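As the structure is a computational prediction, the values presented were derived from the model and not from experiment. Atoms within a ligand are numbered from 1 in the order they appear, just like the ligands themselves. Heavy-atom basis, side chains included; hydrogens, waters and symmetry copies ignored.
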Amino acid sequence: MINLDLFENTEGGDRSNSAEESPGSAMRRLIDLLNRWEHAYYVLDAPEVPDSEYDKVYQSLQQLENSHPELIQSDSPTQRVGGKPADGFEQVKHRMPMLSLGNAFEDSDVIAFDRRVKELADLPADTTIAYAVDPKFDGLAISIHYINGMFQQAITRGDGTVGEDVSANVKTIRSLPLKLKGRAIPAHLEIRGEIFMTKRDFLQMNQRQAELGLKVFANPRNAAAGTIRQLDPKVAASRPLRFYCYGAALEREQLRELKSQSAMMKWLANMGLPVSELSRTAVGAQGLLAFYRAVGESRDNLPFEIDGVVYKVDSFDLQDQLGYVAKAPRFAIAHKFPPDEVLSRLLNIEVQVGRTGSITPVAKLEPVKVGGVVVSSATLHNLDEIQRKDLRVGDQVLVRRAGDVIPEVLPFPGNQRSASSIVFVMPSHCPICNSLVRQEEGEAAFRCTGGLVCKAQLTQAIIHFAHRRAIDIDGLGSKLVELLVEKEWVKTPADLFRLQFDALVQLERMGEKSARNLLESIEKAKQTTFGRFLFGLGIRHVGEATARDLAAHFKNIDRLMNATVEELLEVNDVGPVVADSIRQFFDETSNQQVVRELISLGISWPNEEGQAADESHPFFGKTFVLTGTLSQYSRDEAGELIVARGGKVTGSVSKKTDYLLAGEAAGSKLDKATVLGITVLDESTFQGML
Ligand code: IVH
């Protein structure tokens, strides 16, 4: 914001009252001032004055215009909303057709595009082509005409040849200048760009619409398109439309002078037109792909939606040589992101019983491809969530997948709910074991009270026990566990160690060889570590790190099983909830028995006693984060080596991290560690320190 005193002295509204200034020139001054502020606010995103100040000056201008209507100027901000609702939009033929772009989806399409550019232009294959690159804004295309620097007409794309005159609505977009800045402005300038809404403005607007009982829109693009087609410009003025300019339809002469797309974009920005700050130049196919990735990574954090990036050969000369096919230029292409939100239908809501008995509602969906994968079911988390989103079986829903996040089901604002839609009710009894389902106090989750009697819970408990990061039984997949539980051969984890070859070979799809391999893996898994064993027991709230901490602290199973809550609280990161849960687990006689049985069946681990880590070791007391791929160890193995030397391994980089062990293809954790100034070890340094 500028210093207001300074502003009052130099260009303030007060002077409009001064006797020497004519109404016309006062008007001009106020218009220029307001337009500058609008540009700073909407285009530069750097407001110069508070809104109240803007409003004050706006009112002064309005008063002046009321008393001298004959002097009103067309670029006055008061003229953005004007005129009566139209009966319809006039059809206008474009001076130059509005084309579309070819699409690329894969890296290989981009490499082929770059190669084709060189082939068509007869350039050697090793030439590196310079490109102007932009985000692909997900809005609607518009052509805007300026005559002598003044806004004159805005036309939708239409069929590319004929569009509709939506000038009155486009004029209300405050990031669009009504008057261009600078001296050498062409007598007639036609610019091209995209009208859109920011994600935040869209949500706010939709909420307001809903509160007023008005139409809500499915996404920002629909909202922007719907708004531009409103006949009453007052409606458009009340909605938060934005605009970015991405090009201009220029004459040959102008193209020759400007030479390149990137120079043209600078020229347009200098005239006060809003141009995205994400636009760049990039060289060669690899440069294009790097831009695609960088923009893709920031996509979720951008204030507006984009559906890809656009590559344009930078040189106008080269563009001219390449020319056009049918309706698209050969010198440009859109590289699309996989869609991250797709319309589907909620076919059913089923419930799943988890390892700790939690009953989770799961959406069964009409299969849709989103974010590059087919999704046909997705967790709905809990009953609260379903009620909050007001989802019913039969509804149209949006399925969203951002990055590698699990798919999310969202209500579709345009859903036409049918009378036969069904409200979800939580079952009162477990669908697997028929035990009572209870909602624990203060928890959103419902739980089956069946414990290991419940085959669903037992199956999950065994899968967890056998997991690679727990006891690690290679070859014991979830399908096989289901079968073993179903046949009641396995009722506790200990039963795994009682399985016999003769029984196993009778199982469907189990040959002699795989039966022998499985028994071998089970035998091998008996040699484990205390931490893995504890983690495998599946005590609620005891994750891998806590299990390791407990093992290091108590060193022996009897001591842990007899520990009081107070003693448990002494362990690193163990709070009251975790301590209670551990105590409850070991108070259960059946759990005590399983532990005893496992030990008597031969599960063992190196004695942790007397293995106190050497305090002088460089890893002692240090916190590590591991990232990327190591060549000599798996990450688990490296973690065990660190823990054995008195160090600690955590999942995410923070100020508390001492070392980041970075293997090949380390990603964002490495960036974060670098920013925080954390020591980064490569694999060979790590080995040396070991
Ligand atoms: S350049 C010859 N640049 O994508 C067409 N278009 O298929 C030149 N779009 O509807 C278009 N962002 O409105 C260009 N940075 C960008 C764009 C962009 C979005 C839209 C455009 C058109 C479609 C092209």
Side-chain angles (χ1 to χ4, degrees), residues 94-105 109-110 113 117 131-144 154-164 166 170 173 175-176 190-198 219-225 227-229 241-250 255 258 260-269 273-282 288 291-292 294-296 298-299 302-316 318-320 322-337 339:
H94 289 293
R95 201 173 53 109
M96 295 185 203
M98 287 183 82
L99 304 175
S100 58
L101 290 171
N103 286 327
F105 297 98
D109 299 337
V110 175
F113 164 71
V117 163
Y131 295 93
V133 296
D134 298 323
K136 186 169 189 300
F137 310 105
D138 198 6
L140 66 140
I142 194 89
S143 146
I144 302 173
I155 311 165
T156 60
R157 180 171 184 278
D159 63 4
T161 308
V162 176
E164 288 176 322
V166 288
V170 171
I173 303 174
S175 53
L176 183 81
E190 178 186 354
I191 61 158
R192 302 270 171 97
E194 198 85 352
I195 291 174
F196 63 97
M197 249 181 226
T198 67
N219 54 46
R221 181 167 43 79
N222 286 1
T227 302
I228 279 302
R229 303 210 73 263
L241 293 176
R242 307 256 173 161
F243 169 75
Y244 269 136
C245 175
Y246 55 63
L250 298 181
L255 293 172
L258 284 164
S260 69
Q261 171 77 20
S262 53
M264 176 180 75
M265 294 313 288
K266 284 202 191 94
W267 179 67
L268 294 168
L273 288 161
V275 166
S276 167
E277 39 190 43
L278 295 169
S279 297
R280 298 268 180 290
T281 52
L288 298 180
F291 179 72
Y292 178 78
V295 174
S298 63
R299 182 182 182 191
L302 290 179
F304 45 84
E305 293 200 335
I306 59 175
D307 56 346
V309 292
V310 181
Y311 310 137
K312 301 164 193 170
V313 166
D314 198 29
S315 152
F316 285 148
L318 191 47
Q319 285 193 4
D320 193 38
L322 292 162
Y324 299 82
V325 278
K327 294 204 152 163
R330 273 201 286 253
F331 54 79
I333 196 165
H335 190 180
K336 300 290 266 297
F337 294 131

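One finds a salt bridge joining Lys312 and Asp134 here, because a Lys/Arg side-chain nitrogen approaches an Asp/Glu carboxylate oxygen to under 4.0 Å. We find that Arg299 and Glu305 are not joined by a salt bridge, their nearest charged nitrogen and carboxylate oxygen being 4.0 Å or further apart.
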Is there a salt bridge (charged side-chain N to carboxylate O under 4.0 Å, His left out) between Glu164 and Arg229? Walk through the geometry before answering.
CA-CA 9 Å; Glu164 288 176 322; Arg229 303 210 73 263; 2.9 Å; yes
Could you pull out every N or O of ligand 1 that sits under 3.5 Å from a protein N or O, with the distance for each pair?
from	atom 1	to	atom 2	distance (Å)
ligand 1	3 (N)	Lys312	NZ	3.0
ligand 1	4 (O)	Lys136	NZ	3.2
ligand 1	7 (O)	Leu101	N	3.0
ligand 1	12 (N)	Phe137	N	3.0
ligand 1	13 (O)	Glu194	OE1	2.4
ligand 1	13 (O)	Tyr246	OH	2.7
ligand 1	15 (N)	Asp134	OD2	3.2
ligand 1	15 (N)	Pro135	O	3.0

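Between Phe291 and Tyr131, a ring centre-to-centre spacing not shorter than 6.0 Å is recorded. Aromatic rings of Tyr292 and Tyr311 (six-membered ring for Trp) have centroids beyond the 6.0 Å cut-off, not under it. The six-membered or imidazole ring of Tyr324 lies near that of Phe331, with a centre-to-centre distance under 6.0 Å.
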